[in-house]
Amino acid sequence: MPIQYYLFLSMALFSIGIMGTLMRRNAIIIFMCIELMLNAVNLLLVAFSKMYNDSSAQIFVFFSMVVAAAEVAIGLAIIVMMYRKVHSVDINILNRLKH
Amino acid sequence: MNLYEVLFWLLTVVAIGSALGVILSRNPVSSVLFLIVTFFAVSGHYVLMNAQFLAIVNIIVYAGAIMVLFLFVIMLMNLNADAEPQKNRLVQLAGVLSGGILFLVVLAALKTSSNNLLEQTATDIGLIKNLGMTLFTKFVLPFEISSVLFLSAMIGAVVLGKKGEPQK
Amino acid sequence: MIVTLLIVVPLLAGIFSLLAKNNTAKGTAIVSTIVTLVVGALIGVEAYTTPLSWSIDWIPTLGTKVSFVADGMSTMLSLLVSIVMLVVYISNLNKKVENEGSFYGLMLLSQAGITGVFLASDALLFYFFWELALIPVYFLCSQWGGENRIKVTFKFFIYTFVGSLMLLAAIIYLATSTPGGSSFAWNDIVRAGSSLPAAEQQWVFWLIFIAFAIKMPIFPFHTWQPDAYETSPTPVTIVLSALMVKMGLFAVLRWLLPVVPAGAEFWSETVIILSVIGIIYASLLAIVQTDLKRLIAYSSIAHMGLMSAVAFANTEVGMHGVMVQMFNHGINITGMWLIVSMVEQRWGTRDMRELGGMASTAPRMAIAMVVIALANIALPLTNGFIGEFMLFNGLFSSEVACGTTYMILAGLGIILGAVYTLNMVQRTAYGDAIATKQGGDLTRNEYIGLAVIIAIIIFLGVYPKPLLEMTSGMVSMMP
Amino acid sequence: MKAIIAATILGIVMMFAGLFVKEKKSVVTIATLLLLVLFGVNIYDISFAENAPQSLFNNLLRVDSYALWFNMMMTGCTFLYVLLLGKHIRQVGNHVAEYFALIFFILCGIYLISTYNNLLMLFIGIEIMSIPQYILAGSDKQNMKSNEASLKYFLMGAFTTGILLMGITLLYGATGTFYITNFTFLQTASLNPLALAGILFILVAFAFKISAAPMHLWTPDVYDGSPAPFTAFMATVVKAGAFVGFLRLFHISFGTLGEHWMLVVAIITAATLLVGNITAVYQQSVKRMLAYSSIAQAGFMLFAVVSVNATAWQGMIIYAIAYSVATIGMFSVLVKMKDYTYDGFNGLAKKQPALAFFTTIFLLSLAGIPLTGGFMAKYFVLTAAVEQGNLMWLVIFALLMAAVSVYYYFRVIMAMYFKTGDAELRAEVTSTDRLLMGITCVIIILLGVVPHLFMGNL
Amino acid sequence: MIDLVWLVPFFPLLGFLINGIGWKKLPKSAGGFIGSAAVLASFAVSLGIFFEVKSSGTATVVHLFDFIQSGNLNIPFAFQVDALSSLFLLIITGVGFLIHVYSTSYMHDDEGMVKYFAYLNLFVFSMLLLVLGASYLIMFIGWEGVGLCSYLLIGFWFKRKDFTNAAKKAFVMNRIGDLGFLVGMLLVLLNFGTLSYQEFFGQVEGGQAVVTSSTYNWIAICFFIGAMGKSAQIPLYTWLPDAMAGPTPVSALIHAATMVTAGIYMIARSSVLYNIAENAQHLVAVIGLATAIIAATIAIKQYDIKKVLAYSTVSQLGFMFLALGVGAYTTAVFHVMTHAFFKALLFLGSGSVIHAMHGEQDIRNMGGLSKKMPITSTTFLIGCLAIAGIPGFSGFFSKDEILAATYGHNSVMYYLALGAAMMTAFYMFRLYFLTFTGSFRGTEDQKSHLHESPAAITIPLAVLAILSIIGGYVGMPAVFGDFHPLNEYLAPVVSNHGVHHLEHNTEWMLMGLSTVLVIVMIVVAYRVTKKANFAANTGIAKILENKWYVDELYDAIIVRPLGALSSLLDKIVEKLGIDGLVNGVGKTVHWASNRIRLMQSGQVGFYIFIMVLGITALFAIGFFWIH
């Protein structure tokens, strides 16, 4: 299996994640799309780990999950805080700060 | 087309398909579910590449814990309806186009990058024992320092999530 | 070491004035300026033959030094600073200024900056003083200026600041081209600059020149000037026109022509043409001005145009003339502004359409005005003549193509100069006396100020030898 | 690197202090003292450091004197920051001790970023630095703007995390290592497209962190929305930390590949300068203007990145200090004001001459007027660019933009000195405030006159 | 005595300083006395110098101090005493003294009398510098100095706008000429490296300098342009009639006797140059002749007593330039001298009349004054006879010499010059008859106050009248024997060059012709004035009355366009163009700021969108542009 395939797969998932962040208005969905991007990267990392037969990349994936978990904690807290204020998670209403 | 390849393509199709499902489904809950499917597919890939430990962690942490958290929040906020107002078509098109163009550009840039083949021989670096050794010897600093990250996250959850701040 | 006094004294006095109580400010200013005048004179005696210099290391990582060199030209200009500032302080003694401490403090700071520009022989130090001279002036104009002051002053500030920044780019470029990679000493900068390939010198020339051209100002970079002169309080206008424009010209002689000789040679004709256009253009505009300050502003542009044209004509006598004329123009224009400020103070307007009859109501002032006006149009036996004769001679004998034509065109300036200057005299001094608000002839301190100016005008007009000798060494130093 | 450990422990101590000390004022005092301790630890680190760079923790960190010096300086800036703004931090919300703990954690992240030798450490360092910022941005919970800033910052930050990870991964794919000194292309001249793609992704991520165009769009909103005391910290020390990480990677690892990325960085630099300066012109709020100004200043700091030489490193540290000190000073004034718009400053000089004077010094430094630190900072980075060669166009462009910057900085000065108005204060200006601001001014002037004092033996 | 030459300008300078500094405090009489005494002292020294020069005949350069010294440019402040300058010294101080004395009475009622004498002394000082200078630069100092004094004195009554306008006009027109002079000086300096007469002429005569003849011509033309301004030649003559705004003694001294002859002095001084520069010399002759004719025609129809004299002066100056142009340098100097006498006389006479008429200058309101003012009338008549060229009076000798020289040069020019001379006779006697004969046409009030002027006025008139008669005998025509002390005196410095000596018969004939014609013109003038009616002029007369509309012409082609151009530059180029451009930059920044600002839409989605676009662009640049 050429590494290219994993590269392209990962890039495809990554791009789908990006598209999602651009297309959706729901903050939670956007956040999920970002998680999708992280996963795409993790997949690629594992593929490279396999290619180089090097475990440090897998450690890296481990840490990226750690970070993702921390981010989720914060992110959801922020979204909840936001929701309490405006009863919506639509990012389009976040436009008090502009220009 | 051996089994390995069959599995690869199968998982790939599932992963991409469910990823598209995440961004296209109008119901947040189905988005979450699609995402969990994607994670499973990715875990499948991990298994294919002999990263068994990560495959398990991915399912437990990501699909299990994190996505449940998402689901929980969505349910908490009653966002399980299809009610999400869509962005207008033009914006969506722009999103798809720009994402697609980025994809194509990166692809074009990387198409000649490397032609290494992933050997299908099994390795044991992905086993928990080996990873544990590496993690607690070579990478002990990041492991320890991650605690700071979690402390911060904890503080964040407390500071931001706690209700009842008195009005100034 | 004595050289540093010229800068340190006004600097400390300025800081003291800013911090101290108001009523000490005038005294501080006058005393410190007298000190610098005396020091300048002492140095002048020394620097007549050999330049004085002083230097210590400053920022070792950059290779920059605090180093001053007082040669003939620098000393002459430092003396000019002291004389002009002293005259300004003295003739302002009877005027009330709001918040005196700050006013005189800033004036002194600016004075230190200008002197520093003339004395610095380190490029970065030069740049520091260049800006130090500007910033206090900005505050002075914006705080104590006339109508529209904020906008106009800011335009002036930004305009000159853009020029300074281009200069900074050039200094950085030249400093990195020095043999050691980082030296700012005048010698090294000159060596580095003049050994650059001609093509590079040609664009480095513009980086440097823009800064100086804006300061002088040379057509078409002059539009800040009439507005700024008009709105500034007169003491500041004097600083601007008598001293700061000289900084530009001085810098051309010290930091442009020797540094990028090939660039200067390549562009000299362009600059001369611009300057000559400036002379005629500014003179024509001066004719239609009705505001005294604007008239003098345009007149100053015309005069500076002549000097800059000659500076680029690259003849020995011309250079000498430029240096002499820097001093003379500084003195003359100071006199003009003093008169204007007195007019404004007495009759409450600078509009010539509303003025007249000064010769009847304030005859001494009228006489002073006529004398200074005559010096301004370079009548023989006033200081203006010597300089202008040498300037014309320099331009005329220049090897630049069409030097003769430029000289004759520039010469039209002296005709037009006569027209607008005499217009001014006629409209303010002659005619029937207008109803005076607060008439009266010169007060004692004003009298002293003008007397000093006129004495210098006449003395140097009749016996220019001291001035000529002081600056003559510089001509041979020029490449 | 005792400082990393110290920062972590002191952060935890701070959290516990919140439990036991109820008086907010005392919390601030404790934080100040602990920061002093941290500063002391930094000095200790530097005094006992070897001359040669040291590899620590299985070569995950590589500590050199530059990093130590930088850390010490940034800790010093933080100390100054807490001194100047401490009492305003305590007015932001209830969780004062937590805020300070987060600041300690951020410092910990900065220490990692300034010393990493492995991309993993970079990644974790950046996250440790970023996550507390999301919290601090949203700490004024009652304020809708603060919430909005927090969510915006978080969403875009998380997005950037993905980009950064992708970059690191591609780089790993090209070289097979995460150690920045071991990349294979350091030996060979050719460059794998994977590596280039990785470099570009990492570049984008850094560009986001330092708010360089076109990844700067979060900056004005977040800086505007966040509570002013935290904006001050985010815009200064944190940004400087990100810059040093940027510089480390691009100079140590990618330095030899300049031809591949330099033009891209140069374009980013130009765009940043343009956007930051031009947009700031139209702003009506000083706080928002400072946000744009921080973008513009980042444009100048990018000069240190784009030019790979020793002067760039010197320039970076001077710029970081000068910019941080001046901006912290500016914010310390801003938080005293009732009205953050320009008009709010009208006539301040009459009412508070000292405050106006200090503000003027801060602004002059930001504008890069000689004899202030801002000038020296600009001078160093521009010199670095000139030494690099081929970047003269960028230098001239930057200087033109600097002229534009004068416009918006001086508007504040004009408002204070030349306009009449009744500048109302939110908080009283005590003599301690004045003393501290005066010290800040002295630091700025010292930076402008004797910058080598702040560069150690670099 | 020659070493003391600095005393000559020193006395007037001293007088100027005393009167100038004490102009407010000194009593009027003291001012007059100091002023006159200073000039008298100068006159005394000048006389001494004159005789010393006469006996030795050599030129002496007296070095006073270094003036301009720069590199190899070295111009000392030095005086040159020789026949030419000493002669002029006498004329200036002599006539000057008389006019000073005259002024003590004439200006007695004016409150600014002390100031007036200060100016007058300053003028004498400048004029002396002009003639004494040993180089063109020192001459230039005096040259501009006299211009200044002229300016100050024309505008002496500064409250009158038209007077100050006239003063300004005079100065500016002089400046135009001065620019020519300056260019000439620079040309000399460039080609010969010196401005000193002795060195310059030495090089020209010795032929050491390698200079083309066109350069010589250019130098000569440039100097002549200077002379045009100062000596009121076409096209720069219009200031002189206006200059009559000044007090009448000033007109006599500056605008008739001395300053306006500076141009003649300068060209005579440069005779060596003009001998070589033939084309330029020819130009001098043509311009001189044209000026003589045009000014004469204008004078015919003027009604202002001083204007007539002013145009007559312009015309006479034209004659002098004609002489210079045909190489008759000493003749020109001769005419300068005689002209100084009779024109000063005429002006002072007119001043006496104006004084008596209380400021009235229009001759249509005069008439029959000879009864009331016998001395003035007689002396004025003598002046008229002299200027008209009646044999026996000084004017006859000098003018005849000019005509003779012209005849030898070119007969057409001679006839034209003769025509001008005839007109001179006509308008002078028209003036005389209208003023002094017939019946009084003024108001009764004026009539009752008519009186002869006091002694301080009449004595100078008498002295000048005597000089106007005898002044000509220093240069007798060749037919009367070889008596020409003036030529002999001037010979070491300047002599006629290329002037054909005429046959005695021809000379007799020319003299006879001019005398007869002049007498005819006087008769015609008498007839014309007898039936004078002052109806409005028409046709050519109107054009003449309006001075050929030259002022209007200048106004239309120079003054107005210049003003319009200036306004245009001020309003369009400066404000809209250059300043607009500068402000435009600022406005553009502002505008751009306002646009770019809108990118900050507040939408996170949009921000990420821009980021993605940015990433794409960077990849495109990084991969496809650089490689």
Side-chain angles (χ1 to χ4, degrees), chain B residues 19 23 35 42 49 51 54 62 66 70 73 77 95 98-99 102-118 125 131 133-168, chain D residues 1 4-5 7-8 11-12 15 18 56-61 91-95 97-99 101-102 104-106 108-109 111-112 118 120-121 123-125 127-136 138-143 147 150 154 166 170 173-174 178 192-197 200-201:
Chain B
I23 64 169
L35 191 58
V42 169
M49 289 183 285
L54 284 181
Y62 254 121
I66 295 181
F70 271 95
V73 169
M77 295 178 183
S98 57
L102 179 67
F103 179 61
L104 290 176
V105 166
V106 175
L107 228 55
L110 299 181
K111 65 176 189 290
T112 58
S113 56
S114 78
N115 293 315
N116 291 13
L117 283 176
L118 289 189
I125 56 161
L131 280 180
M133 281 301 289
T134 324
L135 186 59
F136 292 113
T137 54
K138 233 172 141 188
F139 291 102
V140 68
L141 175 70
F143 183 79
E144 292 293 342
I145 218 89
S146 304
S147 57
V148 175
L149 205 58
F150 282 109
L151 274 175
S152 307
M154 204 173 78
I155 294 176
V158 172
V159 167
L160 298 177
K162 201 170 153 192
K163 240 183 167 177
E165 179 116 341
Q167 290 286 334
K168 276 181 296 183
Chain D
M1 272 306 287
I4 297 177
I5 300 156
T8 316
I12 294 167
M15 283 170 68
L56 296 177
F57 303 108
N58 298 315
N59 204 20
L60 285 175
L61 299 183
Q91 288 158 6
V92 172
N94 280 335
H95 309 275
E98 281 79 2
Y99 302 152
L102 290 175
F104 278 104
F105 293 153
I106 289 176
C108 175
Y111 297 157
L112 288 178
N118 186 306
L120 178 58
M121 296 317 296
F123 176 61
I124 292 183
E127 287 308 317
I128 291 180
M129 196 175 78
S130 302
I131 286 179
Q133 287 190 75
Y134 306 148
I135 304 164
L136 292 179
S139 54
D140 187 3
K141 285 162 67 183
Q142 300 310 312
N143 189 342
N147 295 352
S150 178
F154 169 75
M166 182 51 100
L170 291 176
F178 289 112
N192 191 324
L194 277 181
L196 182 56
L200 289 177
F201 272 123

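Each chain gets a letter, A, B and so on, in the order its sequence line appears, and its residues count up from 1. All of these numbers come straight from a predicted model, not from anything done at the bench.
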Problem - Test log, rule side-chain contact (heavy atoms from CB on, under 4.5 Å), inputs B:Val140 and D:Phe57 - result: CA-CA 8 Å; B:Val140 68; D:Phe57 303 108; 5.6 Å; no
Exercise for the section: Dump the intermediate steps for side-chain contact (heavy atoms from CB on, under 4.5 Å) on B:Leu151 and D:Met15, then the final yes or no. Expected result: CA-CA 10 Å; B:Leu151 274 175; D:Met15 283 170 68; 3.9 Å; yes
Practice task
Please lay out, stage by stage, how D:Tyr134 and B:Leu160 fare under the test side-chain contact (heavy atoms from CB on, under 4.5 Å).
Solution key: CA-CA 10 Å; D:Tyr134 306 148; B:Leu160 298 177; over 6 Å; no
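Using a 4.5 Å cut-off between heavy atoms, D:Leu120 contacts chain B through its side chain alone, with no backbone atom that close. Neither the backbone nor the side chain of B:Ser147 has a heavy atom closer than 4.5 Å to any heavy atom of chain D. Only the side chain of D:Phe201 comes within contact range of chain B, with at least one heavy atom under 4.5 Å from a heavy atom of that chain. Proximity to chain B (any heavy atom under 4.5 Å) is shown, for D:Ala7, by neither the backbone nor the side chain. Looking at D:Ile106, there are no atoms closer than 4.5 Å to chain B (heavy atoms on both sides), in backbone or side chain. Interface residue D:Leu170: only side-chain heavy atoms are found under 4.5 Å from chain B. Only the side chain of D:Leu112 comes within less than 4.5 Å of a heavy atom of chain B; its backbone N, CA, C and O stay farther away.
A donor-acceptor pair is defined here as one N or O able to donate and one able to accept, closer than 3.5 Å; such a pair exists between the side chain of D:Lys141 and the backbone of B:Val159.
Interface check for chain B: of the options D:Thr8, D:Leu102, D:Leu200, the most heavy-atom pairs under 4.5 Å are formed by D:Leu102.
Screening D:Leu61, D:Asn58, D:Asn118 for a side-chain contact (heavy atoms from CB on, under 4.5 Å) involving B:Leu141 leaves a single residue, D:Leu61.
For D:Ile131 against B:Ser152, the heavy-atom pair with the smallest separation is CG2-CB, 4.2 Å. Across D:Leu60 and B:Pro142, no two heavy atoms sit closer than the pair CD1-CD, 3.4 Å.
In this structure, CD in B:Glu144 is found 12.5 Å from CD1 in D:Ile4, a value given to the nearest 0.5 Å. Separating the OH atom in D:Tyr99 from the CD1 atom in B:Ile155 is a distance of 11.0 Å, to the nearest 0.5 Å.
At least one side-chain heavy atom of B:Ile145 sits less than 4.5 Å from a side-chain heavy atom of D:Cys108.
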